[in-house]
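Everything on this sheet refers to the single structure shown next.
Both ligands and their constituent atoms are indexed starting at 1 by order of listing.
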Amino acid sequence: MLSLEVCFLVMMLLATLLYFQVTSLKMTRHQKRKIDETHVEGHEELDAASLREHEEFTKVKNIATIELGRYEIETWYFSPFPPEYNDCVKLYFCEFCLNFMKRKEQLQRHMRKCDLKHPPGDEIYRCGTLSMFEVDGKKNKVYGQNLCYLAKLFLDHKTLYYDVDLFLFYVLCECDDRGCHMVGYFSKEKHSEESYNLACILTLPPYQRKGYGKFLIAFSYELSKKENKVGTPERPLSDLGLLSYRGYWTRVLLDILKKHKGNISIKELSDMTAIKAEDILATLQTLELIQYRKGQHVICADPKVLDRHLKAAGRGGLDVDVSKLIWTPYKEQS
Ligand code: ACO
Ligand code: ZN
């Protein structure tokens, strides 16, 4: 007889296959490779008709609004909730365990029983009222999956990962006497061959444009620094993702260039910031601070030009106080 774990695994694999079959077009190269590695036989490309059907299906926003904590939030995109939620236009989330329900009364009943007051996992950062929790997808599978369902409502181009085991989730919260309320999060693969230090990032709509996005990005680079690695976000980036990253990279790099009066190499910039050299080069090229001389990229940073760019770069976002980060890189436990 199959054990429960194996049954669950088989079910997850089937669900994943089914989902990937309809979403193969939206997969990143990395995700494609991951699926290829599972040696799925007979997984042909979708024909034009199935493709159209898939596009029609995922184009339609299924859930229109969600209730989460004290907010009612309008959703942006389709998210593949289980079939029993097909008839819902509104879902009620427990803001702590992220379980979702069809009716308000169910949520009220749940809130009387749910004893979580913050995300499961370890609090790895606390500064004033801000806390960051690290949630291991393997130890908190249901939470990880609920978070993915929720996040997909605001992420257009990402494929939902059922296999949350492979990820760590960094959940940012604003804390008060009622508990720690989720503001946003980013996910990170436990092992990335492509040196991705962030898979998906989200600031919940009520908290957007307040600097939390740049905080989450800065946090992902602080983790990379602790790992002694350079990192880059998983591609493709959404428009808002690209804007946020461009803003972050620009500000961080310009600050250092200003301090060093431009006398610094791309490699040194990468070592100091954990930003991948390609992203540094692309940012500086966009700012027209790079010249190509004798087969090499050289930084040309006129102080006046730097000041002009810094002024245009906008606000810096919320700072990460590294002294408040208590974290060691992930190690597989035997
Ligand atoms: N209009 C114009 N510019 C914007 C907007 C907007 N609506 N939102 C963010 N920006 C730009 C601005 O340059 C802003 O800096 P500024 O406020 O100093 O001008 C910068 O992005 C970052 O602003 P933050 O307040 O730090 O970021 P925020 O908390 O709003 O989060 C994020 C940014 C995470 C991209 C958010 O918009 C979001 O969750 N979007 C939906 C999900 C998404 O697209 N995620 C990225 C996918 S790519 C990936 O996951 C690898
Ligand atoms: Zn709950």
Heavy-atom gap Gly184 to ligand 1 smaller than 4.0 Å = no

Angle subtended at the Zn ion (ligand 2) by Cys94 SG and Cys97 SG, rounded to 10 degrees | 100°

Looking at Leu155, which atoms of ligand 1 are within less than 4.0 Å of one of its heavy atoms?
-> 42 (C), 43 (C), 45 (N), 47 (C)

Arg235 and Asp279 ion-paired at < 4.0 Å | yes

Any nitrogen or oxygen of Ser238, main chain or side chain, under 3.5 Å from a nitrogen or oxygen of ligand 1?
-> yes

In terms of residue, atom name and distance, what is the protein heavy atom nearest to atom 31 (O) of ligand 1?
-> Thr203 OG1, 3.1 Å

Can Lys190 and Asp136 be counted as an ion pair, charged N to O under 4.0 angstrom?
-> yes

Give a yes or no on this: more than 12 heavy atoms of other residues, nucleotides or ligands lie within 6.0 Å of atom CD of Glu288.
-> no

Pull out every atom of ligand 1 sitting under 4.0 Å from any heavy atom of Leu202, numbered as shown with elements.
-> 39 (O)

Aromatic ring pairing His181/Phe96, orientation class (parallel under 30°, perpendicular over 60°, tilted between) | tilted

Could you list which atoms of ligand 1 come closer than 4.0 Å to a heavy atom of Gly241?
-> 35 (C), 46 (C)

Out of Arg209, Arg246, Gln208, indicate the one that has the non-hydrogen atom closest to atom 19 (O) of ligand 1.
-> Arg209

Ignoring angles and geometry beyond distance, decide whether Trp76 reaches within less than 3.5 Å of ligand 1 through its nitrogen or oxygen atoms.
-> no

Indicate yes or no: does Asp271 engage Lys267 in a salt bridge with an N to O separation below 4.0 Å.
-> yes

Quick note on ligand 1: atoms under 4.0 Å from a heavy atom of Lys214 include exactly 15 (O), 16 (P), 18 (O), 20 (C), 22 (C), 26 (O)

When the ring planes of Phe100 and Phe93 are compared, do they come out parallel, tilted or perpendicular, using 30° and 60° as the limits?
-> tilted

Using a strict 4.0 Å cut-off to heavy atoms of Gly213, name the atoms of ligand 1 that fall inside it.
-> 24 (P), 26 (O), 27 (O), 28 (P), 29 (O), 31 (O)

Parallel, tilted or perpendicular: rings of Tyr71 and Tyr207 (30°, 60°) | perpendicular

Salt-bridge contact Lys90-Glu72 (side-chain N to carboxylate O under 4.0 Å) | yes

Rounded to 10 degrees, the angle SG of Cys114 makes with NE2 of His110 at the Zn ion (ligand 2) | 110°

Asp239 atom CG: more than 12 heavy-atom contacts under 6.0 Å = no

What is the nearest protein non-hydrogen atom to atom 25 (O) of ligand 1, stated with its residue, atom name and distance?
-> Gly211 N, 2.8 Å

Going by the atom numbers of ligand 1, which of them fall below 4.0 Å from some non-hydrogen atom of Phe154?
-> 41 (C), 42 (C)

Which bit of Lys210 is near ligand 1, meaning a heavy atom under 4.0 Å away: side chain, backbone, both or neither?
-> backbone

Has ligand 1 got any nitrogen or oxygen that is less than 3.5 angstrom from a nitrogen or oxygen of Leu243?
-> no

What is the nearest protein non-hydrogen atom to atom 32 (C) of ligand 1, stated with its residue, atom name and distance?
-> Ser244 OG, 4.1 Å

Element-labelled atoms of ligand 1 that are located less than 4.0 Å from some non-hydrogen atom of Leu237 | 48 (S), 51 (C)

With a cut-off of 4.0 Å, which atoms of ligand 1 are near a heavy atom of Leu198?
-> 51 (C)

Atom 45 (N) of ligand 1 [closest protein heavy-atom partner, distance rounded to 0.1 Å] = Ile201 O, 2.9 Å

Cys127 backbone acceptor or donor facing Ser131 side chain under 3.5 Å = no

Give a yes or no on whether a salt bridge exists between Arg178 and Asp176, defined as a side-chain N under 4.0 angstrom from a carboxylate O.
-> yes

